[in-house]
Amino acid sequence: MPRPGVQILVCTNERPPEGGKPSCAPRGSLEVYRRFKDRVRELGVRDRVMVVRTGCLKHCSQGITVAVWPYNQWYRQVTLDDVDEILERTVLGGAEEVERLRMPDIPWE
């Protein structure tokens, strides 16, 4: 398999409820990850795009976090409905940012 030109990182970290800090998994991040995987396969771009589930991406208060490399685009509060737009605009559209999902410039959590 050739090296992917784009990597989509989806936080699927899960903390215990008593941990006092939110995490992405209880918000549905595994489903978002699966939707990205399915759509990449359906679009026929698996040789260029790799979808990876990760541990904590350090923006726990911002909802489901997704980062797209090499474009260094960071998104927050990503839902199943956002997957196609991210793929179309950022991944296949040459790094165009989905502004409404942009991660604010905040410190790591």
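Atom set for the values below is all heavy atoms of this structure, side chains included, hydrogens, waters and symmetry mates excluded.
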Could you tell me whether a side-chain N or O of Arg15 sits under 3.5 Å from a main-chain N or O of Pro22, the two making a donor and an acceptor? yes

Using the salt bridge (Lys or Arg N to Asp or Glu O under 4.0 Å) rule, pick out the option among Arg39, Arg100, Arg35 that qualifies with Glu85. Arg100

How long is the straight-line distance from OH of Tyr75 back to CG of Asp82, given to the nearest 0.5 Å? 10.0 Å

Validation row: Arg53, Leu30 side chains within 4.5 angstrom (heavy atoms): yes

Heavy-atom pair of closest approach, residues Leu57 and Trp74: O-CZ3, 3.7 Å

Same apolar cluster: Trp69 and Met50, side chain cutoff 4.5 Å: yes

Main-chain N/O of Cys60 paired with Glu109 side-chain donor or acceptor, under 3.5 Å: yes

What I want to find out is whether Asp38 reaches Arg41 closely enough, with some N-O distance under 4.0 Å, to be called a salt bridge. yes

Which atoms form the tightest heavy-atom contact between Ile64 and Arg27, and what is the distance? CD1-O, 3.3 Å

I'd like to know if the side chain of Tyr71 reaches the main chain of Thr90, judged simply by a donor and an acceptor atom lying under 3.5 Å from each other, with no hydrogens or angles considered. no

Is there a donor-acceptor pair closer than 3.5 Å between any side-chain N or O of Thr65 and the backbone N or O of Arg76? no

Using the test side-chain hydrogen bond (donor to acceptor under 3.5 Å, both in side chains), find all partners of Tyr33 that sit at least two apart in sequence or belong to another chain. none

Ile106 reachable from Leu101 in the ILVMFWY side-chain graph, under 4.5 Å edges: no

Under the rule for side-chain contact (heavy atoms from CB on, under 4.5 Å), what residues qualify as partners of Arg102, not counting sequence neighbours? Glu97, Glu99

Who passes salt bridge (Lys or Arg N to Asp or Glu O under 4.0 Å) against Glu31, sequence neighbours left out? none

Would you find a donor on one side and an acceptor on the other, under 3.5 Å apart, between the side chain of Ser29 and the backbone of Cys11? yes

Would you kindly confirm whether Leu92 and Val32 end up in one hydrophobic cluster when ILVMFWY residues are joined by side chain heavy atoms under 4.5 Å apart? yes

Heavy-atom nearest pair, Ser23 first then Asn13, reads CB-O, 3.4 Å

